[in-house]
Trainee: 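Sharing a structure, written as structure tokens. Questions coming.
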Amino acid sequence: MSASDDDIPARLLAWYDRHARTLPWRSPPGAAAPEPYRVWLSEVMLQQTTTAAVAPYYAKFLARWPTVEALAAADDGDVMAAWAGLGYYSRARNLLAAARMVVERGGFPDTEEGLRQLPGVGAYIAAAVAAIAFGRRAVVVDANVERVVSRLFAIAEPLPASRKAIYERTGAITPASRAGDFAQAMMDLGATVCTPREPRCLLCPLSADCAARAEGEPGRYPVKAAKRAKPTRRGAALWIERERAVWLVRREGTGMLGGMRALPDDGWSARSDGSGVPDGEWEDAGVVRHGFTHFDLELAVHVSRTATPVGDGEWWPLDKLEEAGLPTLFAKAAARAGAR
DNA sequence: AAGGCGTGGGC
DNA sequence: TGCCCAAGCCT
């Protein structure tokens, strides 16, 4: 490094004062912090999800449930349906459970340790909310920070083994004041300058400090462990129609798409072979392909107007299908069934 | 502690 | 097209 670590937060915050992104859940640099509810809601939505994808959902949730009290009083099915399409549905289940805990205890915890007790709040979100909403010094490490810090210090150890070292290095450059702005500055830097491919080092306020840049190939970091191949599973979904209505069920439990409204299926999510359509006269409506995090799915869509409804469900009017809150997989299957 | 857990966009 | 990636958490 050409300068001491002490200068890093100062340079980064000066950069942030001029280049902070404007985002719906964020206050401008130096302004009063947003309400904890808004920070928490945005952080939950932003897990593994782009800001562009989150923005409309954040607006919708805030308009419909403006406070944590309103959210705590919401109907479970309404919240799940409002989350439909955003993915990682355990987030919605935990969101509601956490809102009810917060109301029960009379407000948000204002420490990392307290926040960690809420379901769906892990190390990252607890630190982010403590820093951004409550102004506490907290070491905030997300994937952006992992990338920036890996490059800044040329950490050669691959992720995820390097997480501990990254946390310590991040802690060493996190300032006592403006920790929330510092965290958001690191994330903005990672999102707009220190990008995964072809980082724009000429625009970076930390380029003089960056060991990876000094080495000449900053895009080499962070080093990542090899990932495993994604298998393909096959399954079937059932479109059972009567009088302009379709039979929808609610998926149980906390597994794949748990808690979400869905088409009946053959159990593909619990098995890898996919087999078996119940007796009856089924028309083949084709196959929907959908990629999940750890496997690809080829879902055959079977259509019947005479088959007996499967399981515990309800007849849903076709002209209101958009309001059913189907996850994207089943929205695709519905489109396939309708297009036959 | 490594794998389950969604989806859409960029290249 | 196929792969990588995006403000991770839970078990």
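In what follows, chains carry the letters A, B, and so on, assigned in the order in which the sequence lines appear, proteins first and then strands, with residues in each chain numbered from 1.
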Trainee: Report the distance from atom CE of Met187(A) to atom P of dA6(C), rounded to the nearest whole Å.
Mentor: 13 Å

Trainee: Please report, rounded to the nearest Å, how far the P atom of dA7(C) is from the CG atom of Asp142(A).
Mentor: 6 Å

Trainee: Starting at the 5' end of DNA chain B, which residue's closest nucleotide do you reach first, Leu326(A) or Arg197(A)?
Mentor: Leu326(A)

Trainee: Starting at the 5' end of DNA chain C and moving along, which residue's nearest nucleotide shows up first, Val141(A) or Lys227(A)?
Mentor: Lys227(A)

Trainee: Leu115(A) has an atom CG; how far is it from atom C1' of dC9(C), in whole Å?
Mentor: 15 Å

Trainee: How far, in whole Å, is dC5(B) from dA6(C) if one measures between their C1' atoms?
Mentor: 15 Å

Trainee: Round to a whole Å and report the spacing from OH of Tyr88(A) to P of dC5(C).
Mentor: 14 Å

Trainee: Which nucleotide span of DNA chain B, 5' end to 3' end, has atoms closer than 4.0 Å to non-hydrogen atoms of chain A?
Mentor: dG3(B) to dG8(B)

Trainee: Fit a plane to each ring of Trp83(A) and Phe61(A), take the angle between them on a 0 to 90° scale, and name the class: parallel (under 30°), tilted (30 to 60°) or perpendicular (over 60°).
Mentor: perpendicular

Trainee: Rounded to the nearest 0.5 Å, how far does CE of Met45(A) lie from CD of Glu43(A)?
Mentor: 12.0 Å

Trainee: Under 4.0 angstrom, heavy atoms only, what part of the nucleic acid is Thr328(A) near: base, sugar-phosphate, or nothing?
Mentor: sugar-phosphate

Trainee: Regarding Pro119(A), tell me which of base, sugar-phosphate or nothing describes its non-hydrogen contacts under 4.0 Å with the strands shown.
Mentor: sugar-phosphate

Trainee: Heavy atoms under 4.0 Å, any strand shown: does Ala123(A) hit a base, just sugar-phosphate, or nothing?
Mentor: sugar-phosphate

Trainee: Could you work out the separation of dG8(B) and dC9(C) based on their P atoms and round it to a whole Å?
Mentor: 22 Å

Trainee: Once you round it to whole Å, what is the distance between C1' of dC4(C) and CZ of Arg147(A)?
Mentor: 12 Å

Trainee: Classify the nucleic acid contact of Leu86(A) as base, sugar-phosphate or nothing, counting any heavy atom under 4.0 Å across all strands shown.
Mentor: base

Trainee: Test the Arg233(A)-Phe295(A) pair against the cation-pi criterion, namely NZ or CZ under 6.0 angstrom from the six-membered ring centroid and within 45° of the ring axis.
Mentor: yes

Trainee: Regarding Trp40(A), tell me which of base, sugar-phosphate or nothing describes its non-hydrogen contacts under 4.0 Å with the strands shown.
Mentor: nothing

Trainee: Indicate, with a heavy-atom threshold strictly under 4.0 Å, whether Leu23(A) touches base, sugar-phosphate, or nothing.
Mentor: base

Trainee: Should we say atom CZ of Arg289(A) is surrounded by more than 12 heavy atoms from elsewhere, each under 6.0 Å from it?
Mentor: no

Trainee: Regarding Thr49(A) and Tyr57(A), do their side chains bring together a donor and an acceptor under 3.5 Å, going by distance alone?
Mentor: no

Trainee: Whole-Å distance between dA7(C) C1' and Asp181(A) CG?
Mentor: 15 Å

Trainee: Which part of the nucleic acid, if any, lies within contact of Val121(A), taking any heavy atom under 4.0 Å across all strands shown: a base, the sugar-phosphate backbone alone, or nothing?
Mentor: sugar-phosphate

Trainee: Could you check whether the rings of Phe292(A) and His290(A) sit parallel, tilted or perpendicular, using 30° and 60° as the cut-offs?
Mentor: perpendicular

Trainee: Which part of the nucleic acid, if any, lies within contact of Ala128(A), taking any heavy atom under 4.0 Å across all strands shown: a base, the sugar-phosphate backbone alone, or nothing?
Mentor: nothing

Trainee: Can you confirm whether Arg21(A) is buried at CZ, in the sense that more than 12 heavy atoms of other residues, nucleotides or ligands lie under 6.0 Å from that atom?
Mentor: yes

Trainee: Contact class for Arg26(A) vs. all strands (heavy atom < 4.0 Å): base, sugar-phosphate, or nothing?
Mentor: base

Trainee: May I ask you to say what Gly85(A) touches in the nucleic acid, namely base, sugar-phosphate or nothing, with a heavy-atom cut-off under 4.0 Å?
Mentor: sugar-phosphate

Trainee: For the pair made of CG in Leu95(A) and P in dC10(C), what is the distance, rounded to whole Å?
Mentor: 13 Å

Trainee: Under a 3.5 Å cutoff, is there a donor and acceptor pairing between the side chains of Glu215(A) and Tyr221(A)?
Mentor: yes

Trainee: Find the distance Ile132(A):CD1 to dA7(C):P and express it as a whole number of Å.
Mentor: 13 Å

Trainee: What is the nucleic acid contact for Arg21(A), judged by heavy atoms within less than 4.0 Å: base, sugar-phosphate only, or nothing?
Mentor: base

Trainee: Mind checking the P distance from dA7(C) to dG3(B)? Whole angstroms is fine.
Mentor: 24 Å

Trainee: Does a nitrogen or oxygen in the side chain of Gln47(A) sit under 4.0 Å from OP1 or OP2 of dC9(C)?
Mentor: no

Trainee: What do you reckon, is CG of Asp312(A) surrounded by more than 12 foreign heavy atoms closer than 6.0 Å?
Mentor: no

Trainee: Hey, which sits more toward the 5' end of DNA chain C by its nearest nucleotide, Thr51(A) or Arg116(A)?
Mentor: Thr51(A)

